[in-house]
Amino acid sequence: MNIPKGKLHDECGIFGVYGMENASELTYLGLFALQHRGQESAGIISGTPDELNIHKGMGLVEKVFNKRILDSLKGNYAMGHVRYSTTGSSLQKNAQPLLVSTDKGELGIAHNGNLVNAGKLRKELEKEGSIFQTTVDSEIILHLIARGKSQSFNENLKNALFQIEGAYSLALIRKGLLIGLRDPNGFRPLCIGKKGYAHILSSETCALDLIGAQFIRDVEPGEIVYISYSGIKSEKFVQTPQRKSFCIFEYIYFARPDSVIDGRNVHEMRKNMGRQLAKEHPVKADMVIPVPDSGNSAALGYAEESGIPFEMAIIRNHYIGRTFIQPTQDFRDFSVRIKLNPIKNIIKGKRIIVVDDSIVRGTTSRSRVKSLREAGAKEIHMRISCPPHRHRCVYGIDFPSESELLAANNDISAIKGFLNVDSIGYLSQDGLMKAIGSKNNEFCCACFDGKYPVCYDDDLSKYIHEKDSFIREIQ
Ligand code: SF4
């Protein structure tokens with residue numbers, strides 16, 4: 001998949017159903033609603049009383065599945081995954097869910113997040129003779145469960161969870177059982193829904209809405225929910241509560257605006273961020289313009305708070321495919337313009353406030369500012385609805401290295417110069433917490449403040465990279 005470099009990439013989405021005929025069809029629809037969380041690969045495992053069936057492939061959900069495939073994914077329980085790679089390359093072998101045979105039966109896994117001690121664990125397992133099929137950290141969890149000595153699957157699962165560290169919202173499937181769980185810090189979302197008698201697991205509530213399911217509750221950090229024909233059971237696998245560290249970036253950018261996480265609607269939170277941004281960085285201007293779609297909600301909030309008119313003066317092309325023609329000098333800003341194009345008639349001669357959710361490397365924002373200047377903008381004031389990105393993410397978001405992050409290497413006046421804007425304002429971290437209504441520091445903000453809630457080991461990326469570059473998959 002040709003993914004533009006300027007934007008952050010979503011990580012993964014998981015969805016599961018227990019207790020409904022043709023559960024794979026509902027899972028397919030759920031994955032459609034979660035497509036924004038991963039566009040590289042998609043897969044579904046479904047279960048009958050006798051067997052588990054799997055299909056997965058590279059590309060969007062609509063490309064990976066068709067009616068024939070869904071018809072063959074039989075059974076009344078299923079779970080699926082959409083992926084953007086954060087560990088392990090974008091290869092067919094790394095597509096999820098993963099399904100393995102163990103001496104305790106078949107076991108499937110779908111993972112959202114990143115383990116921070118995966119390098120260490122994988123090296124230890126390989127030393128003891130484990131053979132890995134993929135280069136994703138999720139496979140380590142399967143190995144740890146499969147090696148469990150207990151007769152009880154639940155005990156083996158908990159023992160595996162005690163050994164892994166980092167960010168993980170998981171769906172697991174085995175004969176007659178669907179399991180959902182979240183890591184003790186609760187980095188990534190996972191919620192429970194109900195449709196008729198069926199129980200649903202989903203990364204976001206927007207997928208529940210799509211299938212007409214009712215939201216029940218979020219899975220708690222450190223909680224395992226077991227869903228079977230006898231209903232739903234829950235247990236905590238950590239006794240001491242950790243500091244909750246939900247990824248603040250889910251609210252800023254990743255989650256869909258129509259989702260509700262921990263009782264907060266994402267669109268409303270983004271509007272609040274825009275309002276707070278207007279309080280912190282007011283400026284006289286003729287209009288507030290969002291960078292679509294990521295800046296829409298925050299721009300609306302900024303406009304409401306400031307009383308400056310909101311205008312959709314940048315138009316997004318929703319129908320971008322891949323072009324095999326490499327743009328030449330004649331089309332220097334091709335990749336920026338093909339996606340977003342300013343309306344000259346509205347912008348010409350105006351003082352504009354441009355609102356976006358984040359700046360990563362800054363190259364895309366700079367090209368965008370250039371096209372706004374060419375459209376005749378008199379003044380351009382950039383407003384960003386989160387603090388400057390100075391640190392990378394080790395919990396499952398594909399940030400570039402710190403050397404490539406614009407704000408890690410430049411102060412505000414250098415950023416203003418680089419982007420060629422008349423002013424720039426980022427939302428402060430205190431302002432972000434205020435906008436979201438957080439009093440208890442229950443978020444991970446490590447990409448802004450460098451305070452990583454769970455220590456990390458950097459081995460895996462290097463270790464995996466070597467393996468990925470040695471094995472080439474012909475697609
Ligand atoms: S470092 Fe940033 S992107 Fe990563 S989990 Fe924390 S808040 Fe989210």
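Each ligand, and each atom within it, is numbered from 1 in the order the structure gives.
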Point to revise | Cys444 N/O/S atom closer than 2.8 Å to atom 8 (Fe) of ligand 1 | key: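 Not a single backbone or side-chain N, O or S atom of Cys444 is under 2.8 Å from atom 8 (Fe) of ligand 1.
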Review point. Is the shortest side-chain N to carboxylate O distance from Glu223 to Arg182 below 4.0 Å?
Key: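 Arg182 and Glu223: not salt-bridged.
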**Study point:** Arg361/Glu402 ion pair, N-O < 4.0 Å
**Key:** no
**Study point:** Residue that, paired with Thr134, satisfies side chain to side chain donor-acceptor pair (under 3.5 Å) out of Lys93, Glu139, Gln96
**Key:** Glu139
Review point. Any side-chain donor-acceptor pair under 3.5 Å between Tyr426 and Glu280?
Key: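 Not at all, the side chains of Tyr426 and Glu280 share no donor-acceptor pair under 3.5 Å.
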Using a 4.0 Å cutoff against the non-hydrogen atoms of [X], which atoms of ligand 1 qualify?
{"X": "Tyr395", "answer": "5 (S)"}
{"X": "Arg188", "answer": "5 (S)"}
{"X": "Cys247", "answer": "3 (S), 5 (S), 7 (S), 8 (Fe)"}
{"X": "Cys447", "answer": "1 (S), 2 (Fe), 3 (S), 7 (S)"}

Check your understanding: Taking the six-membered ring for Trp, are His389 and Phe249 parallel (under 30°), tilted (30 to 60°) or perpendicular (over 60°)?
Key -> perpendicular
Check your understanding: According to the interplanar angle, ranging from 0 to 90°, do the rings of Tyr251 and Phe443 count as parallel (below 30°), tilted (30 to 60°) or perpendicular (above 60°)?
Key ->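 Rings of Tyr251 and Phe443: perpendicular, as their planes differ by over 60°.
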Point to revise | Nearest candidate to atom 4 (Fe) of ligand 1, where distance is taken over non-hydrogen atoms, out of Ala167, Gly113, Cys393, Gly166 | key: Cys393
Review point. Evaluating non-hydrogen atoms only, which member of Ile397, Val394, Ile252, Asn185 is closest to atom 3 (S) of ligand 1?
Key: Ile397
Check your understanding: Any idea which part of His389 is under 4.0 Å from ligand 1, heavy-atom wise: side chain, backbone, both or neither?
Key -> neither
Point to revise | Metal check, atom 6 (Fe) of ligand 1 vs Cys445 N/O/S, cut-off below 2.8 Å | key: no
Exercise for review: Evaluate whether atom CD of Glu235 has more than 12 neighbouring non-hydrogen atoms of other residues, nucleotides or ligands under 6.0 angstrom away.
Suggested key: yes
